[in-house]
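Worksheet for the structure shown next.
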Amino acid sequence: MGDDVAVSLDLSNYELLWPASLFVSEGERVLRSTGSWQDRAIWLMAEALAGTTAIADFEDLPNHPAPTDDPWATTGTGWGTKRPVITQHGWFTELIQRAPELRHAAAPRPYWPQRRGNGLARDGSTARDTRRDFARLIGEFADNGYLVEVFGEECVDDPNDLPDASAVIDRRLGIPHLWPLVPETWDEDTFYGLIEVLHDLVSRPRMRRYHSYSGCGWHHSEFHNGPARVLYRWKVNQLLREAGIEYELAAEGEDLGRLVAVTDDARSQLVHRALSDSPPDTTAGVRHAIALFRGRDTSAESKRSAIFNLARILEERRALIKEHLGKDEGALFEIANRFDLRHRRADQRGEYDEAFLDWIFWWYLATVELTDRLIVARAAGV
């Protein structure tokens, strides 16, 4: 698409509706595309940025530089006044490069009814409001074509019957008649089940075209579920967090896209490192242990199973641990052997608070992550 003279954008009028990293990755893909890249860029900005200001600024620019060998065009009010030629490609490139500088769009401060409403929480919300907010969020995804790949899309030129959306959900969740969404009818299990099912169904259309005949409307194409699920998790987790619900959609691991218990940032980073850095021969065990421990329906028994999986990995690395901890390595395994965690013998201790299971899980997971680093250091000869 040619080289562009450097642009200096005023970003103060643009606000992000997406995670900056997702906007960057999708924007870079647009810049690598050919043909109708401008259409893809406009669609991306329509989704990821609040309002239409950025699109208007983009459309005001020329697609190609002025026909001159001089990279500086002779423009302006005075004779010989020169300024850079700014093309759509150069402008969009800088927008994507500087996306981390953009501020995120903030919800407006509460209005009078939210501040003064009777029977509402201080933030103006109720548990049922969260379900309605989720239904509205799914409506936005549907309007932007994120469910077209699985639910189909109406067209005046194509009279073929569309898939039964309720049946699509029913086949996965085992609950009929859930589409269109009616949040007032959901119990907790249905609500959380829909959150997980729709995570697996969304797919982002990277192209759209307007079908003007008989007011048919937008048609979407070039679907990809990767960016759609990233955006879905980001928006749904934000909604759950604002509602004070202590679950979030997992972004990695065996339980990807499933609701898991929220942890603090330090433990979230520990989970990420353990999932990302474990050697291939132990990755499956680590992933399974984490999924057992943090699932929404976890129990004391599943936590014991999670600890057992981690203890088995540590047993395999016992020589490495002893090399670095000396005789103290025995204390690490004494917990698992003397308490009701693995062998379930009659002489084991079993009367303790479930918080003990949480403590031992995080201790063992941290030890697995430590041994991962020791293995890497040994391989590097450090």
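In what follows, every heavy atom counts, from backbone to side chain, and hydrogens, waters and symmetry copies are set aside. Just so we're clear, the structure is a prediction, and the values are computed from it rather than from any experiment. Sequential numbering from 1 along the given sequence is applied to the chain's residues.
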Assess whether salt bridge (Lys or Arg N to Asp or Glu O under 4.0 Å) is satisfied between Arg258 and Asp200, documenting all intermediate values.
-> CA-CA 10 Å; Arg258 299 298 177 261; Asp200 292 351; 2.8 Å; yes
Interatomic spacing from OG in Ser203 to NE2 in His220 - rounded to 0.5 Å = 12.0 Å
Just say parallel, tilted or perpendicular for the rings of Trp186 and Phe134, cut-offs at 30° and 60°.
-> perpendicular
State the CZ-CG distance between Arg172 and Asp170, to the nearest 0.5 angstrom.
-> 12.0 Å
Could you walk me through whether Thr263 and Val271 pass side-chain contact (heavy atoms from CB on, under 4.5 Å), step by step?
-> CA-CA 10 Å; Thr263 59; Val271 167; 5.7 Å; no
Heavy-atom closest pair, residues Ser166 and His177 = OG-CA, 3.9 Å
For Leu137 and Lys235, work out which heavy atoms get closest and say how close.
-> CD1-CD, 3.7 Å
Can you tell me how far the CD atom of Glu149 sits from the NE2 atom of His224, to the nearest 0.5 Å?
-> 10.0 Å
Go through the steps for Asp189 and Arg296 under the test side-chain contact (heavy atoms from CB on, under 4.5 Å), then give the verdict.
-> CA-CA 11 Å; Asp189 285 342; Arg296 188 176 71 87; 3.6 Å; yes
Just wondering, do Leu198 and Tyr146 contact through their side chains at under 4.5 Å, heavy atoms?
-> no
Around Glu323, counting heavy atoms of other residues, nucleotides and ligands shown, do more than 12 lie under 6.0 Å from its CD?
-> yes
Taking Trp43 for its side chain and Pro205 for its backbone only, find out whether a donor-acceptor pair lies under 3.5 Å.
-> yes
Using only heavy-atom distances, determine whether the side chains of Tyr14 and Asp57 contain a donor-acceptor pair under 3.5 Å.
-> yes
Hey, are Ser221 and Arg206 close enough side-chain-wise for a donor-acceptor pair under 3.5 Å?
-> no
For the residue pair Arg229 and His199, confirm or rule out a side-chain donor-acceptor distance under 3.5 Å.
-> no
Report yes if the side chains of Val230 and Trp18 come closer than 4.5 Å at any heavy-atom pair, otherwise no.
-> no
Taking all non-hydrogen atoms of both residues, which atom of Val202 and which atom of Asn225 are closest, and how far apart?
-> O-CB, 3.6 Å
Is there a donor-acceptor pair under 3.5 Å between the side chain of Thr185 and the backbone N or O of Val182?
-> yes
Side chain to side chain, Met45 and Glu47, heavy atoms closer than 4.5 Å = no
Polar side chain donor-acceptor pair, Thr283 to Ser278, under 3.5 angstrom = no
Assess whether ring pair (Phe, Tyr, Trp, His ring centres under 6.0 Å) is satisfied between Trp37 and His89, documenting all intermediate values.
-> CA-CA 9 Å; Trp37 77 271; His89 185 261; 5.6 Å; yes
Steps toward side-chain contact (heavy atoms from CB on, under 4.5 Å) verdict (Met207, Ser36) = CA-CA 9 Å; Met207 276 288 289; Ser36 56; 3.6 Å; yes
Decide whether a cation-pi geometry holds between Arg267 and Trp362; the criteria are a distance under 6.0 Å from NZ or CZ to the six-membered ring centre and an angle within 45° of the ring axis.
-> yes
Checking Trp179, Phe223, Phe141 against Phe151 for ring-ring contact (aromatic ring centres under 6.0 Å, His included), the one that qualifies is Trp179
Using 4.0 Å as the upper bound for N to carboxylate O, is an ion pair formed by Arg294 and Asp358?
-> no
Stepwise salt bridge (Lys or Arg N to Asp or Glu O under 4.0 Å) check, Glu315 with Arg318 | CA-CA 5 Å; Glu315 285 278 15; Arg318 191 161 188 163; 3.5 Å; yes
Verify side-chain contact (heavy atoms from CB on, under 4.5 Å) between Leu194 and Ile169, making sure each step is shown before the conclusion.
-> CA-CA 8 Å; Leu194 279 168; Ile169 295 173; 4.1 Å; yes
Once the angle between the rings of Phe361 and Phe293 is folded into 0 to 90°, is it parallel (under 30°), tilted (30 to 60°) or perpendicular (over 60°)?
-> parallel
Just do the salt bridge (Lys or Arg N to Asp or Glu O under 4.0 Å) check on Arg373 and Glu369 with the steps written out, would you?
-> CA-CA 7 Å; Arg373 287 188 280 123; Glu369 191 268 339; 3.1 Å; yes
So do Phe92 and Gln97 actually touch side chain to side chain, heavy atoms under 4.5 Å?
-> no
Can you tell me if Asp187 and Thr190 form a side-chain donor-acceptor pair at under 3.5 Å?
-> yes
Flag the pair Arg29 / Leu44 as yes when at least one side-chain heavy-atom distance between them is below 4.5 Å, and no otherwise.
-> no
When rounded to the nearest 0.5 Å, the distance separating CG of Leu16 from CZ of Arg103 is 10.0 Å
Side chains of Pro19 and Leu231: closer than 4.5 Å at any heavy-atom pair?
-> yes
What do the steps show when you test His272 against Asp277 for side chain to side chain donor-acceptor pair (under 3.5 Å), and what is the final call?
-> CA-CA 8 Å; His272 173 71; Asp277 301 337; over 6 Å; no
Cys155 side chain reached by His219 side chain, heavy atoms, under 4.5 Å = yes
Would you find a donor on one side and an acceptor on the other, under 3.5 Å apart, between the side chain of Gln88 and the backbone of Gln38?
-> no
Working to the nearest 0.5 Å, report the span between CG of Leu102 and CG of Leu9.
-> 9.0 Å
Hey, does the side chain of Ser299 reach the backbone of Ser302 with a donor-acceptor pair shorter than 3.5 angstrom?
-> yes
Going only through I, L, V, M, F, W and Y residues with side-chain contacts under 4.5 Å, is there a path from Trp363 to Phe356?
-> yes
Between Trp234 and His104, ring centroids under 6.0 Å | yes
Could you point out which residue of Leu292, Asn309, Leu357 forms a side-chain contact (heavy atoms from CB on, under 4.5 Å) with Arg304?
-> Leu357
Indicate the ring-plane relationship of Tyr210 and Trp218, choosing parallel, tilted or perpendicular according to the 30° and 60° boundaries.
-> perpendicular
Kindly indicate, with the supporting measurements, whether the criterion salt bridge (Lys or Arg N to Asp or Glu O under 4.0 Å) is fulfilled by Glu26 and Arg40.
-> CA-CA 10 Å; Glu26 288 295 282; Arg40 292 181 174 85; over 6 Å; no
Where Thr87 and Asn63 come nearest, the two heavy atoms and their spacing | CB-O, 4.1 Å
Distance in Å, Leu370 CG paired with Arg273 CZ, rounded so as to fall on 0.5 Å steps | 10.5 Å
Check: Ala106 main-chain N/O paired with Glu15 side-chain donor or acceptor under 3.5 Å = no
Indicate yes or no for a side-chain donor-acceptor contact from Ser268 to the backbone of Asp264 under 3.5 Å, with no hydrogens or angles considered.
-> yes
Heavy atoms only: give me the nearest Pro279-Arg317 pair and the separation to one decimal.
-> CD-NH2, 3.4 Å
Between Arg208 and Ala46, the two heavy atoms sitting closest are NH2-CB, 4.2 Å
Considering residues, nucleotides and ligands other than Glu252, do more than 12 of their heavy atoms fall under 6.0 Å from its CD?
-> yes
Quick one: does Leu256's side chain get under 4.5 Å of Leu249's, heavy atoms only?
-> no
